[in-house]
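Sequence lines set the chain letters: A, B, ... in the order given, protein chains first and strands last, and positions in each chain run from 1. No hydrogens, no waters, no symmetry mates; every other heavy atom, side chains included, goes into these values.
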Amino acid sequence: MPHYSQKHTVHSEAGAENDQGRGDGVALVPASDFTFDELVTIYNQGRIDYIVPMPMSAISLREYVRNYDVNLEKSVVAMLDGEPAGLNMLGVRPGHTWVTRLEVLPNRRRCGLGQRMMEYVIERSEQLEVPYAVLEVIKDNQPAFHLFHKLGFREARELLVIRRPPSPPTHDAPNYAIQYLDHERAIMLLRRRQGVPSWLDEVPSLLNAGGLAALRVELANGDRGWLVYQKTPLQLGRIVLQTEVGDPHQVGLALIHALYARFPSTDTKSENLPVYDPHWSAMQEAGFIEAFRRIEMRLDMYRNGD
Amino acid sequence: MTMVLIIEDNPDHVNIASRVLTAAGYEVLTASDAETGLQMATVHHPDVIMLDLGLPDLDGQTLLGQIRRVPKLDDVPVVAVTGWPLETGSRMAEAYGFDGYISKPLHFKTLGEQIASFVPGEKA
């Protein structure tokens with residue numbers, strides 16, 4: 001753990017609790033008072049014993065903050081006896097907020113820090129007057145799920161984190177005609193997307209990430225659809241499939257066939273595909289495997305009578 | 001002496017694995033991120049690589065692809081190490097072409113034998 005020499009601002013906005021006033025040695029400090037190196041250290045230490053630790057580097061955390069519109073002024077670090085003990089971040093977009101990266105160091109758990117940091121970001125969401133906040137929790141992380149439920153979040157749906165090892169297409173697909181589309185066309189397609197994307201693949205996230213492309217297929221029977229993806233030097237990701245006309249399974253098989261005919265030796269990782277996505281069966285047939293699941297939860301800020 | 005390269009960012013796991021494997025007579029090298037791991041593998045050409053699937057700069061599946069692109073490393077056994085549930089971890093390891101899979105937490109009693117089973121010419 002690095003030495004924290006800078007003077008951190010203790011959270012004491014009007015209307016909010018004064019966290020030093022409790023006399024329990026806890027202070028809630030805006031995350032913007034910390035460097036990315038400091039934040040990533042807290043993050044990684046908080047997840048070191050997780051089933052899926054997903055450690056980050058300072059570079060990847062900076063990218064995460066940018067891609068997902070994380071507002072560090074409204075995110076929080078919990079200090080306990082002057083040392084960082086936890087982190088909780090808040091993404092902010094018009095209409096809703098997104099709670100992410102709630103971490104408490106293993107030896108600082110079970111003393112209410114997670115709840116204190118959650119209350120902090122919920123309060124900031126209320127101040128922004130957004131109608132709702134969302135978050136995702138890894139399925140089977142029962143302590144976190146129960147905390148979020150206690151604070152009013154309710155399960156919305158299950159999301160899949162999926163992988164596909166590099167290989168050319170090995171599945172049967174119907175005959176198709178293909179059209180390759182650039183970034184601008186990919187954005188246009190995304191704006192016509194049906195369904196409700198998770199925060200990670202909302203259009204602003206994909207725009208921020210950049211480097212998108214798309215392909216569109218049409219089958220002999222007139223079924224058609226499109227697939228948007230991001231290609232980085234090592235990976236394909238941010239995959240969004242849409243069937244415009246016809247059977248999503250058949251259109252999905254064709255889209256994935258076309259993608260891996262073009263990128264036969266590229267690994268793929270894609271996050272937050274809804275379990276009920278009509279293309280998932282085709283994706284499985286084409287070699288995608290489930291890595292793990294998340295549960296998306298939602299907190300409606302203004303309930304009846306508010 | 002048989003050389004094992006451990007690519008793992010969790011210092012506790014590195015410590016356990018290093019102690020067990022050193023005591024079992026292996027030469028142990030360690031790297032805490034993918035970039036360093038690939039560099040060390042290329043330079044030292046270990047007999048076995050223990051590769052954590054969750055690294056801070058690159059996940060283990062993607063790093064395996066990088067390792068396999070280095071001609072002199074294409075036949076080095078690479079063992080996936082992860083805390084994922086057994087079924088998920090083994091499925092992922094098999095799909096990506098790892099030579100084997102070891103679950104976390106690592107066990108003092110069995111780790112040496114597990115690694116021995118991946119070393120050409122050695123028996124568990």
Looking at A/Ala291, A/Gly287, A/Ser167, which has the largest count of heavy-atom pairs under 4.5 Å with chain B?
A/Ala291
Ion pair A/Glu103/A/Arg109, N-O distance below 4.0 Å
no
Any donor-acceptor pair under 3.5 Å linking the side-chain atoms of B/Tyr26 with those of B/Asp47?
no
Taking the ring of A/His257 and the ring of A/His171, is the distance between their centroids below 6.0 Å?
yes
Under 4.5 Å between any side-chain heavy atoms of A/Arg108 and A/Leu113, yes or no?
yes
Ring-face cation of A/Arg262 near A/Tyr180 (centre distance under 6.0 Å, axis angle within 45°):
yes
Could you walk me through whether A/Leu72 and A/Met89 pass the side-chain contact (heavy atoms from CB on, under 4.5 Å) test, one step at a time?
CA-CA 7 Å; A/Leu72 292 178; A/Met89 301 179 119; 3.5 Å; yes
For residues 233-241 of chain A against chain B, heavy atoms under 4.5 Å, the residues are A/Leu234, A/Gln235
Filtered by a 4.5 Å non-hydrogen cutoff, the part of residues 49-65 of chain B contacting chain A is B/Gly54, B/Leu55, B/Pro56, B/Leu58, B/Asp59, B/Gln61, B/Thr62
Which bit of A/Thr266 comes within less than 4.5 Å of chain B, counting heavy atoms only: side chain, backbone, both or neither?
neither
Between A/Glu158 and A/Arg294, does a salt bridge (Lys or Arg N to Asp or Glu O under 4.0 Å) hold up when you go through it step by step?
CA-CA 6 Å; A/Glu158 285 192 15; A/Arg294 295 176 173 137; over 6 Å; no
Going by atom types alone, do B/His107 and B/Gln114 pair a side-chain donor with an acceptor below 3.5 Å?
no
Check: A/Trp199 ring centroid to A/Tyr68 ring centroid under 6.0 Å:
no
So which part of A/Ile289 gets closer than 4.5 Å to some heavy atom of chain B, the side chain, the backbone, both or neither?
side chain
Applying the side-chain contact (heavy atoms from CB on, under 4.5 Å) test to B/Glu8, which of B/Asp33, B/Thr30, B/Val14 qualifies?
B/Val14
Looking at A/Tyr64, does the NZ or CZ of A/Arg101 lie under 6.0 angstrom from its six-membered ring centre and within 45 degrees of the ring axis?
yes
Which bit of B/Arg69 comes within less than 4.5 Å of chain A, counting heavy atoms only: side chain, backbone, both or neither?
side chain
Is chain B contacted by the side chain of A/Ser57, its backbone, both, or neither, given a heavy-atom distance below 4.5 Å?
both
With a sphere of 6.0 Å drawn around CZ of A/Arg62, does it hold more than 12 non-hydrogen atoms of other residues, nucleotides or ligands?
no
